[in-house]
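Input: a single structure, listed below in structure tokens.
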Amino acid sequence: MKALVVYDSVFGNTEKIAQAIGQAIAQAIGAALGPQGQVETLPVGQVTAERLQGLDFLVVGSPTRSLRPTEGISQWLKVLPKHCLSGVRIAAFDTRLWLETIDSKALRFIVDKGGYAASTIARALEKKGGKLVIPPEGFLVTGEQGPLKDGELERAGAWAKQIVS
């Protein structure tokens with residue numbers, strides 16, 4: 001079984017979540033298959049279409065920037081060949097501001113209703129043929145640059161184990 005976690009990160013928070021997801025998937029696959037399982041966690045700049053060949057699982061994450069994924073993730077998703085993810089089980093995540101840390105009620109409303117990167121990523125992966133196996137998830141940061149809200153790394157690991165179960 002082969003899994004790949006692809007991420008982009010601005011302040012390091014999304015990278016930490018991606019690493020936690022990759023480790024949890026590796027543990028879950030390792031428990032089921034032993035050394036037959038292969039899991040990689042890579043920044044988006046290191047992932048070519050060839051890396052997607054033979055995948056069973058693909059997880060993609062980005063910080064939410066202006067209610068969307070980063071430019072790096074967006075461009076990568078655009079250039080992926082059509083149907084390159086046929087038969088691949090997919091999941092998407094993002095890091096996002098914890099609404100309770102936004103002082104302005106108007107800004108809090110816009111952020112809450114405007115959407116997040118994970119759902120945009122999930123839709124793009126589905127258009128490439130992937131099969132969504134778990135709803136997109138958001139992991140919380142306590143300010144624009146972080147840090148992650150307490151417990152988010154553990155929550156990411158628990159979420160990731162659901163992907164392969």
Side-chain angles (χ1 to χ4, degrees), residues 3-29 39-48 51-52 55 57-80 85 89-128 130 132-165:
L4 176 63
V5 180
V6 178
Y7 67 91
D8 199 6
S9 195
V10 176
F11 300 110
N13 299 300
T14 308
E15 179 178 9
K16 289 176 185 174
I17 294 291
Q19 294 293 339
I21 289 169
Q23 289 170 2
I25 290 173
Q27 289 173 351
I29 289 176
V39 180
E40 288 187 289
T41 303
L42 297 171
V44 68
Q46 294 181 17
V47 182
T48 61
R51 281 231 195 236
L52 303 177
L55 277 184
F57 296 99
L58 174 64
V59 181
V60 180
S62 170
T64 299
R65 307 292 291 170
S66 301
L67 309 176
R68 294 185 296 274
T70 62
E71 188 65 23
I73 289 288
S74 296
Q75 287 302 315
W76 181 74
L77 291 167
K78 280 183 190 175
V79 301
L80 285 178
L85 298 177
R89 292 167 277 185
I90 60 165
F93 72 95
D94 63 41
T95 51
R96 57 181 73 167
L97 278 174
W98 187 23
L99 290 179
E100 285 75 17
T101 64
I102 301 173
D103 292 331
S104 164
K105 287 182 183 181
L107 182 56
R108 194 168 42 244
F109 178 80
I110 290 168
V111 169
D112 187 40
K113 300 302 177 200
Y116 297 98
S119 56
T120 301
I121 294 167
R123 282 192 303 273
L125 293 171
E126 286 179 310
K127 286 181 182 177
K128 302 297 181 173
L132 193 65
V133 295
I134 191 170
E137 187 60 69
F139 298 97
L140 304 175
V141 295
T142 60
E144 184 181 346
Q145 295 184 20
L148 289 164
K149 184 176 180 264
D150 289 342
E152 291 301 272
L153 291 175
E154 295 79 10
R155 196 166 70 81
W159 179 77
K161 288 177 182 175
Q162 294 176 46
I163 294 168
V164 295
S165 64

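- The nearest pair of heavy atoms linking R51 to L55 is O-CG, 4.0 Å.
- At least one side-chain heavy atom of L77 sits under 4.5 Å from a side-chain heavy atom of L125.
- Heavy-atom contacts from other residues, nucleotides or ligands closer than 6.0 Å to CZ of R68 number 12 or fewer.
- Between V164 and A28 the shortest heavy-atom distance is CG2-CB, 3.3 Å.
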I'd like a table of donor-acceptor pairs (distance under 3.5 Å, sequence neighbours excluded) in which one partner is a side-chain atom from residues 133-150, with atom names and distances.
{"residue": "E137", "atom": "OE2", "partner": "R155", "partner atom": "NH1", "Å": "3.2"}
{"residue": "T142", "atom": "OG1", "partner": "P147", "partner atom": "O", "Å": "3.2"}

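- For A3 against I25, the heavy-atom pair with the smallest separation is CB-CG2, 3.9 Å.
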I90 and V60: side-chain contact (heavy atoms from CB on, under 4.5 Å), yes or no, with the steps? CA-CA 8 Å; I90 60 165; V60 180; over 6 Å; no
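- Pairing each heavy atom of T64 with each of G115, the nearest pair is CG2-O, 4.4 Å.
- Here the side chains of F93 and I17 are in contact, with some heavy-atom distance below 4.5 Å.
- Of all heavy-atom pairs spanning I121 and A92, the tightest one is CG2-CB, 3.6 Å.
- With contacts defined as side-chain heavy-atom distances shorter than 4.5 Å, the pair T41/I21 does not qualify.
- Between V59 and V6 there is no side-chain heavy-atom pair separated by less than 4.5 Å.
- Of all heavy-atom pairs between P63 and A117, the closest is O-CB, 3.9 Å.
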Under the salt bridge (charged side-chain N to carboxylate O under 4.0 Å, His left out) rule, what do R65 and E71 come out as? Steps first, then yes or no, please. CA-CA 9 Å; R65 307 292 291 170; E71 188 65 23; over 6 Å; no
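- Annotation: side chain of F57 is not in contact with side chain of V5 (no heavy-atom distance under 4.5 Å).
- Residues meeting the salt bridge (charged side-chain N to carboxylate O under 4.0 Å, His left out) test with R123, sequence neighbours left out: none.
- Identified under the side chain to side chain donor-acceptor pair (under 3.5 Å) test for residues 8-23, with sequence neighbours left out: Y7-E15, D8-T70, T14-T95.
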